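Structure first, commentary second.
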Amino acid sequence: MAYWLMKSEPDAFSIDDLERVGTEPWDGIRNYQVRNMIRDEMKPGDRAFFYHSNTKVPGIVGIMDIVSEARPDPTAFDPDEKYYDPKSDPDKPRWLLVDVKYVRHTKRVIPLPELKADPALEEMPLVRRGNRLSIMPVSEDQWEHILSLEDQG
DNA sequence: GCCAACGTTGGC
DNA sequence: GCCAACGTTGGC
């Protein structure tokens with residue numbers, strides 16, 4: 001079982017939205033590196049932190065389960081969709097998604113500056129300069145460490 | 001709203 | 001295959 005961190009802008013889709021719907025297709029991935037990770041490394045049963053980006057207090061806000069294999073992202077085929085990609089052929093889909101399922105909110109928001117200041121997390125892509133991955137792997141040690149932060153601060 | 005970082009596109 | 005221009009991400 002692997003661990004992940006997945007970013008979403010809460011104005012578009014928040015942890016509260018995920019709690020409301022229960023399970024959601026994580027669509028809109030349009031980055032090859034991220035696509036390859038979900039295609040080759042992500043598996044049902046994996047677990048992920050839900051991260052709010054591009055908001056007043058960016059940080060980790062919840063936990064979810066990966067509940068599907070990677071499958072074609074239908075929004076890539078729909079001209080009305082924001083993330084429509086005319087170059088993605090339904091017979092040979094370029095973009096993939098996975099389904100995620102709400103587990104719980106973290107006990108508190110764990111804000112980005114706190115993650116950045118933590119020596120145990122300095123290897124995380126999240127806190128490294130110029131990182132632009134919307135999904136990234138989290139090691140087991142990092143996962144446990146972040147969970148331990150829930151009860152602090 | 002600004003802008004640094006970085007991925008993608010397309011002309012050559 | 002190079003690389004300048006352009007678009008996007010996302011913190012601040």
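For clarity, every value in this text was computed on a predicted model and none was experimentally measured.
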In whole angstroms, how far is the [atom2] atom of [N] from the [atom1] atom of [X]?
X: A:Ile135; N: C:dT9; atom1: CD1; atom2: C1'; answer: 15 Å
X: A:Arg132; N: C:dT8; atom1: CZ; atom2: P; answer: 10 Å
X: A:Trp95; N: B:dG7; atom1: CH2; atom2: P; answer: 13 Å
X: A:Leu133; N: B:dT8; atom1: CG; atom2: P; answer: 11 Å
X: A:Asp85; N: C:dT8; atom1: CG; atom2: C1'; answer: 15 Å
X: A:Leu126; N: C:dT9; atom1: CG; atom2: P; answer: 16 Å
X: A:Asn131; N: C:dG11; atom1: CG; atom2: P; answer: 9 Å
X: A:Met136; N: B:dC6; atom1: CE; atom2: C1'; answer: 14 Å

- Message: So A:Arg129, base contact, sugar-phosphate only, or nothing? Heavy-atom distance under 4.0 Å.
- Response: sugar-phosphate
- Query: So what does A:Lys116 touch, heavy atoms closer than 4.0 Å: a base, only the sugar-phosphate, or nothing?
  - Reply: sugar-phosphate
- Criterion side chain to side chain donor-acceptor pair (under 3.5 Å) on A:Asp17 and A:Ser14, from CA distance to verdict: CA-CA 5 Å; A:Asp17 294 327; A:Ser14 71; 3.3 Å; yes
- Message: When you measure only distances, ignoring hydrogens and angles, does the side chain of A:Arg30 come within 3.5 Å of the base of C:dT8 through a donor and an acceptor?
- Response: no
- Task: Report yes if a side-chain nitrogen or oxygen of A:Tyr51 is closer than 4.0 Å to either non-bridging phosphate oxygen (OP1 or OP2) of C:dG11; otherwise report no.
- Result: yes
- Message: Would you say A:Lys7 places a side-chain N or O within less than 4.0 Å of OP1 or OP2 belonging to C:dG10?
- Response: yes
- Message: Quick check on DNA chain B: between A:Asn54 and A:Asn31, whose nearest nucleotide comes earlier from the 5' end?
- Response: A:Asn54
- Identify, between A:Gly130 and A:Arg94, the residue whose nearest nucleotide on DNA chain B lies closer to the 5' end. A:Gly130
- With ring centroids as reference points, do A:Trp95 and A:Phe77 lie under 6.0 angstrom apart? no
- Does the ring centre of A:Trp143 sit less than 6.0 Å away from the ring centre of A:Phe49? yes
- Query: Please, what dot-bracket string fits DNA chain B when only Watson-Crick and G-U pairs with both distances under 3.5 Å count, crossing ones use [ ] and pairs to another strand use |?
  - Reply: ||||||||||||
- Task: Identify which nucleotide among B:dT8, C:dG10, C:dG11 has an atom closest to any side-chain atom of A:Tyr32, counting heavy atoms from C-beta outward.
- Result: B:dT8
- Would you sort out whether A:Thr75 and A:Arg30 count as a side chain to side chain donor-acceptor pair (under 3.5 Å), showing the intermediate values? CA-CA 11 Å; A:Thr75 66; A:Arg30 297 293 181 269; 3.0 Å; yes
Quiz: residues 118-125 of chain A side-chain donor-acceptor pairs under 3.5 angstrom, not counting sequence neighbours:
residue  : atom : partner  : partner atom : Å
A:Asp118 : OD1  : A:Ala120 : N            : 2.9
A:Asp118 : OD1  : A:His145 : NE2          : 3.2
A:Asp118 : OD2  : A:His145 : NE2          : 2.5
A:Glu123 : OE1  : A:Arg128 : NH1          : 3.3

- Query: Salt bridge or not for A:Arg71 and A:Asp99, using N-O below 4.0 Å?
  - Reply: yes
- Partners meeting side chain to side chain donor-acceptor pair (under 3.5 Å) with A:Thr55 (sequence neighbours left out): none
